[in-house]
Amino acid sequence: MVICWNYEQYIKQCLESILAQTYKDIEVLFLDNFSKDNSYQTAKSILESSGISHQIFQNSSPQSVSKNFNFLLERCSGDYIFPFSADDWMTPDNVEEKVDLLKSTNAGIVFGGGWYFYEDTGKYIQSDLSLYKRGNMVNNLLLDRSSYFHPGPAYKKSVIIEVGKWDEDLLVEDLDLNLRVAMKHDVDFVPKPLIYYRKHSSSFLSNYKLMSKGFQQYYEKYRNFKSLPLDEWLSQNYKWFSFQALDDKKYSLSFHFLFLAVKTYFGVHSIIVIGEFIRRYFSRFKLLRRIWLPFKYYLVKK
C-alpha cells in the first residue's frame with residue numbers, strides 16, 4: 001500500500017524498487033492524496049506498463065494518513081500488509097524477508113533495518129542493527145527509538161483488523177497502531193537493512209506544531225493506561241523536539257520544548273536532559289566551547 005502526496009520526483013524510484021522485489025506474489029495499491037503535481041499520472045503510467053497486479057486511486061480532496069491506509073486496507077486481498085510512503089524505497093528482498101518471518105513466527109509486526117537518506121546532503125546513515133529488540137516491545141516502542149526502525153514495517157492483515165485498524169482521529173497513526181499490535185502480539189525484526197527512508201531538509205521546521213499536537217492527542221488517548229510510561233514518553237519527545245530545534249538554530253523554540261520536557265517528567269531525568277542540552281548548546285559556539293571544555297574536564301576529573 002503506497003500513499004503519495006506531491007512526490008512526483010520520487011515515485012519512479014519508489015515503484016521501481018517495489019517492481020524489483022524477489023517476492024513476486026504481490027499487489028500494489030497506490031493512492032494519490034490529491035497531489036498538485038503529476039504524481040497520479042506518473043504512478044499510473046509506471047504501474048500500467050509494469051504488468052504487475054495493481055489498483056490505483058486518487059482522492060478528490062486531501063485525507064489523513066489513517067483514512068488513506070484504512071481505505072486501501074479494505075481493498076487488499078493479501079494476507080500481509082506493507083504500508084509505504086512514495087518518497088521512500090526498498091531493497092529487492094524487503095518483502096520476501098519480512099513475509100518469511102511473518103509466516104514462521106507469531107509476530108504481528110516485522111520490521112527491518114535501513115538507511116536514513118538526508119536529501120539536502122545526499123548522505124546515507126545506516127541504522128544500528130545491534131540495538132534492535134524483539135518480543136514484547138510495548139515499552140521499547142515508547143521509550144527506545146534505537147530498538148527498532150520505524151519506516152517500512154510489515155503486518156499480518158488479520159492483526160491490523162483485530163486491533164481496530166488505523167485510528168482516524170490521531171495524527172501519530174503509525175506509533176498508535178504499532179502500540180496496539182504490540183499489546184497483543186510479539187514484534188520481530190529482520191537483522192539487515194531493507195528500507196531507504198528519505199529525510200527531507202525542512203521536515204521538522206514545517207511539521208513540529210503538527211507533530212506536537214499529534215503527541216498530545218496520543219498522550220490523552222493512553223493516559224489512563226497506568227502500565228504505560230506516558231509521562232516519560234512525552235518528555236522524551238519534547239526533548240527530541242528541543243534538540244531538533246537547536247540543530248536548526250531555532251533557540252527560543254528549543255528552550256520552549258526543553259522546558260516542557262523537564263516539566264512533563266520532573267526528577268533525576270530532568271537533570272540528565274538539561275545536562276545533555278547544555279552540552280549540545282555549548283558545542284555550537286567556539287567561544288562557549290572553550291569555556292565548556294575545561295569545565296567538562298574538571299567534572300570528569302572530580
Side-chain angles (χ1 to χ4, degrees), residues 80-85 88 90-91 93-117 124-160 162-164 166-167 170 172-197 199 211 214-215 218-219 221-223 225-241 243-244 261 264-265 267-269 272-273 276:
Y80 306 103
I81 305 297
F82 288 73
F84 212 62
S85 176
D88 301 328
M90 60 183 71
T91 63
D93 55 344
N94 175 59
V95 173
E96 184 173 8
E97 290 279 3
K98 290 174 180 174
V99 167
D100 285 349
L101 189 53
L102 283 169
K103 285 181 177 179
S104 63
T105 68
N106 293 321
I109 311 173
V110 163
F111 63 95
W115 294 269
Y116 296 98
F117 171 64
Y124 292 83
I125 296 180
Q126 185 178 323
S127 62
D128 189 345
L129 301 173
S130 68
L131 300 177
Y132 289 173
K133 302 292 190 299
R134 53 167 52 94
N136 184 338
M137 287 278 289
V138 172
N139 282 359
N140 295 90
L141 291 173
L142 289 170
L143 300 179
D144 187 4
R145 291 175 181 268
S146 65
S147 66
Y148 65 101
F149 187 71
H150 79 275
Y155 304 85
K156 292 175 180 173
K157 180 180 178 181
S158 59
V159 168
I160 297 180
E162 174 193 353
V163 301
W166 280 269
D167 188 334
L170 293 184
V172 288
E173 76 292 328
D174 51 350
L175 177 59
D176 173 63
L177 177 65
N178 290 344
L179 181 64
R180 282 186 282 124
V181 173
M183 286 176 168
K184 293 177 175 289
H185 299 270
D186 283 347
V187 178
D188 211 335
F189 70 91
V190 178
K192 61 190 298 187
L194 298 169
I195 298 293
Y196 295 88
Y197 176 63
K199 301 274 283 185
M211 293 170 68
F215 286 131
Y218 188 80
Y219 181 83
K221 177 176 180 176
Y222 290 104
R223 66 183 307 173
F225 287 69
K226 301 303 182 183
S227 61
L228 297 178
L230 264 297
D231 288 342
E232 185 177 357
W233 167 80
L234 186 58
S235 177
Q236 280 197 8
N237 280 286
Y238 282 143
K239 181 186 77 170
W240 182 78
F241 286 148
F243 293 169
Q244 289 293 309
T264 303
Y265 189 62
V268 175
H269 167 80
I272 296 172
V273 170
E276 188 175 353

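Under the side-chain contact (heavy atoms from CB on, under 4.5 Å) criterion, N178 pairs with I109, L141, Y155, not counting sequence neighbours. Under the salt bridge (Lys or Arg N to Asp or Glu O under 4.0 Å) criterion, E97 pairs with K192, sequence neighbours left out. Every residue two or more places apart in sequence or in another chain that forms a ring-ring contact (aromatic ring centres under 6.0 Å, His included) with Y222 is listed here: Y218, F225. Considering only residues two or more places apart in sequence or on other chains, F149 meets the ring-ring contact (aromatic ring centres under 6.0 Å, His included) condition with Y116. Scanning for side-chain contact (heavy atoms from CB on, under 4.5 Å) contacts around E162 gives V159, K184, H185, with sequence neighbours left out.
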Worksheet entry | Criterion side chain to side chain contact (heavy atoms under 4.5 Å, CB included) on W233 and Y265, from CA distance to verdict | CA-CA 9 Å; W233 167 80; Y265 189 62; over 6 Å; no
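Remark: of the listed residues Y197, Y132, F189, Y197 is the sole one forming a ring pair (Phe, Tyr, Trp, His ring centres under 6.0 Å) with H150.
Nearest heavy atoms, K156 versus L102: CE-O, 3.1 Å.
With values rounded to the nearest 0.5 angstrom, L234 atom CG is found 10.0 Å from R223 atom CZ. Rounded to the nearest 0.5 angstrom, Y80 OH and K103 NZ are separated by 5.5 Å. Rounded to the nearest 0.5 Å, atoms CZ (R180) and NZ (K221) are 4.5 Å apart. Rounding to the nearest 0.5 Å gives a distance of 11.5 Å between CG of L179 and CG of D174.
Aromatic pair F215/Y238: ring centres not closer than 6.0 Å.
Within the structure, every pair that satisfies the salt bridge (charged side-chain N to carboxylate O under 4.0 Å, His left out) test and touches residues 124-151, not counting sequence neighbours, is listed here: R134-D188.
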